[in-house]
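Reading through the structure tokens given below for one structure.
Each ligand, and each atom within it, is numbered from 1 in the order the structure gives. Along the sequence shown, residues are numbered consecutively beginning with 1.
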Amino acid sequence: MEKLERDVVVIGAGAAGLSAAYELKKAGLSVAVLEARDRVGGRLWTDDIDGAMLEIGGQWVSPDQDVLLGMLDELGLETYSRYREGDSIYVNADGRATRFTGEDFPLAESTQQEMDKLVEALDELSKEVDPADPWRHPRAKELDRISLAGWLESLSEDKEARDNVAMFIAGAMLTKPAHAFSVLQAAQMAASAGSFRHLVDADFILDKRVIGGLQQVPLRLSARLDGDVHLNQPVRSLRSGESVPSGMGVVVTSDDVEVSARHAIVAMPPNLISRISFDPPLPRRQQQMHQHLSLGLVIKVHAVYDRPFWREQGLSGTAFGPYQIVHESYDNTNYGDERGTLVGFVSDETADQMFRLPAEQRREQILDSLAAYYGDEARHPEVYYESDWAAEEWTRGAYAASFDLGGLSRYGADLRSSVGSIHFACSDFAGAGFQHVDGALRMGKAAATAIVAQHSEQPRMQGAGISS
Ligand code: FDA
């Protein structure tokens, strides 16, 4: 067992943990980052699959994500725009595909009016909510006991309008059915991206990608940490309080490393925190709260073709169908690549159905769904890949965690509270940038700032400071 002494031990080398460690080192504190996997990045993972570079996890950057944009600049990373020339496609409940331009789906006029009304209502509500503390909304408790589905039903009898509006937050963001989370949680999701209209506008929310992949952020941060990141080190226990050596706040143990440190940052999604044995146990409030936060479920599907054939038909690749297996799909062709890549998403209960099928049948049905948007050619990709984060031991779902009904107003105010020397940081706890890489970076920085403030009067440990 390697034994280390540091100012801060960080558990988890995702965007949150690495940005915290980077800020701490820049401030002159010593760190050790313990990561369970054999790679850094957590839910950011850019890999080569059968000769195609694919973004298995997070990839898009939107203009409101200024902390992420600042980090890309600092790390010398460049972005490019998602391909969006030409018509989009909408497939309705009867399976009929219609081309359209702009944001408005080609719906019957009455359905369009109902959809406008619902978008307006959700947009107004999200303006009233501060994403950092939605529980302070004067009607927080009331809004937290109504599901998004129930709230939409109370406002409109038009099912297609409701299903489309729900899709932008349920299938496309929280990746849970619209009856499984509250309208307060939905409003926070929208407010965290600036407004609900931003979520409806694919050109905004799915604006840019990073050349070479978004995992470059954690990879470059890790390189700047100069040997302080320890891979293959799932943390098993965290001791704090009287049993730790004098002058220390915690002793954190993984399979091969034991770190004594003044502070710990737990930079993991909340559903995994209980896998660490805490001595003494975390307070009951945290133990309860973490059980009310769960990850959604989505299959991110990549299909790579010899060329972006849909562009020849004047299609942008952007496609929506609330009743389709793949509810949304986009041109995901890599920068400078001659081949064409489509990315599609299969969410929540539809993903359950797909995972019940044998792999070959699942692939066939998912490709059939892409063919409903782009025609028969979509059935024959050169490379096909399904990201399956729910099967990953160190994540267990996608994209991120949200509260069940009533959880946000009940526990939200304690979401980011530290417990003695133990701090918490992950995208799932963010206000602005909630569930996104931007939020992960914000949470990492916030935890680092809090620790640096406490440390300003205290002596440093060995190995402090950033190397570049
Ligand atoms: P993250 O989960 O990344 O990191 C936690 C780390 O802790 C992991 O590395 C894990 O292995 C480690 N860990 C867990 N338990 C441990 C233990 N006991 N000991 C040690 N280590 C432990 N966002 C966005 O901005 N744009 C996008 O386009 C997308 N799209 C997207 C698609 C898909 C498929 C996914 C899964 C996610 C996205 N996201 C996204 C979300 C985004 O990727 C996510 O919010 C952040 O990467 C989360 O970063 P964190 O550091 O908070 O957690």
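- R236 meets the salt bridge (Lys or Arg N to Asp or Glu O under 4.0 Å) test with D255; sequence neighbours excluded.
- Given atom 21 (N) of ligand 1, the protein heavy atom at minimum distance is A36 N, 3.1 Å.
- With a heavy-atom cut-off of 4.0 Å, M443 does not touch ligand 1 at all.
- Not a single heavy atom of A400 lies less than 4.0 angstrom from ligand 1.
- Here the protein heavy atom with the shortest distance to atom 3 (O) of ligand 1 is R43 N, 2.8 Å.
- Residues Q324 and A372 share a closest heavy-atom pair of OE1-CB, 3.7 Å.
- Here the NE2 atom belonging to H327 is positioned 12.5 Å from the CG atom belonging to D163, to the nearest 0.5 angstrom.
- Contact record, A267 with V10: CB-CG1, 4.3 Å, taken as the closest heavy-atom pair.
- Of all atoms in ligand 1, listed by their number and element, those nearer than 4.0 Å to a heavy atom of V235 are 17 (C), 18 (N), 19 (N), 20 (C).
- Looking at ligand 1, you won't find any N or O of D438 less than 3.5 Å from one of its N or O atoms.
- Contact annotation: for W389 versus ligand 1, heavy atoms closer than 4.0 Å belong to the side chain alone.
- Using the six-membered ring where Trp is involved, Y330 and W60 have ring planes that are perpendicular, over 60° apart on the 30 and 60° scheme.
- When heavy-atom distances to ligand 1 are checked against a 4.0 Å cut-off, R275 has no atom that comes that close, whether in backbone or side chain.
- Close N/O approach between T395 and ligand 1 is not found [any backbone or side-chain N/O within under 3.5 Å].
- Among all non-hydrogen protein atoms, the one lying nearest atom 48 (C) of ligand 1 is S427 OG, 3.4 Å.
- Remark: minimum distance from atom 35 (C) of ligand 1 to any protein heavy atom is reached at Y399 CD2, 3.6 Å.
- Below 3.5 Å of separation, one finds an N or O of A15 facing an N or O of ligand 1.
- Ligand-side atoms of ligand 1 in range of A398: 36 (C), range being under 4.0 angstrom from any heavy atom.
- The shortest contact between atom 40 (C) of ligand 1 and any protein heavy atom is with G58 CA, 3.6 Å.
- Proximity of the aromatic rings of W310 and Y83 is defined here by a centroid distance below 6.0 angstrom, and this criterion is not met.
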What pairs of donor and acceptor atoms, side-chain ones from residues 398-407 against any protein atom, are under 3.5 angstrom apart with sequence neighbours left out?
residue: S402; atom: OG; partner: K176; partner atom: NZ; Å: 3.0
residue: D404; atom: OD1; partner: H292; partner atom: ND1; Å: 3.4
residue: D404; atom: OD2; partner: H292; partner atom: ND1; Å: 3.1

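- Residue Q59 places at least one N or O, backbone or side chain, under 3.5 Å from an N or O of ligand 1.
- Taking any N or O of A16, backbone or side chain, at least one lies under 3.5 Å from an N or O belonging to ligand 1.
- Under the 3.5 Å distance criterion, with hydrogens and angles disregarded, a donor-acceptor pair is assigned to the side chains of R37 and T395.
- Under 4.0 Å from ligand 1, the heavy atoms of A267 that appear belong solely to its backbone.
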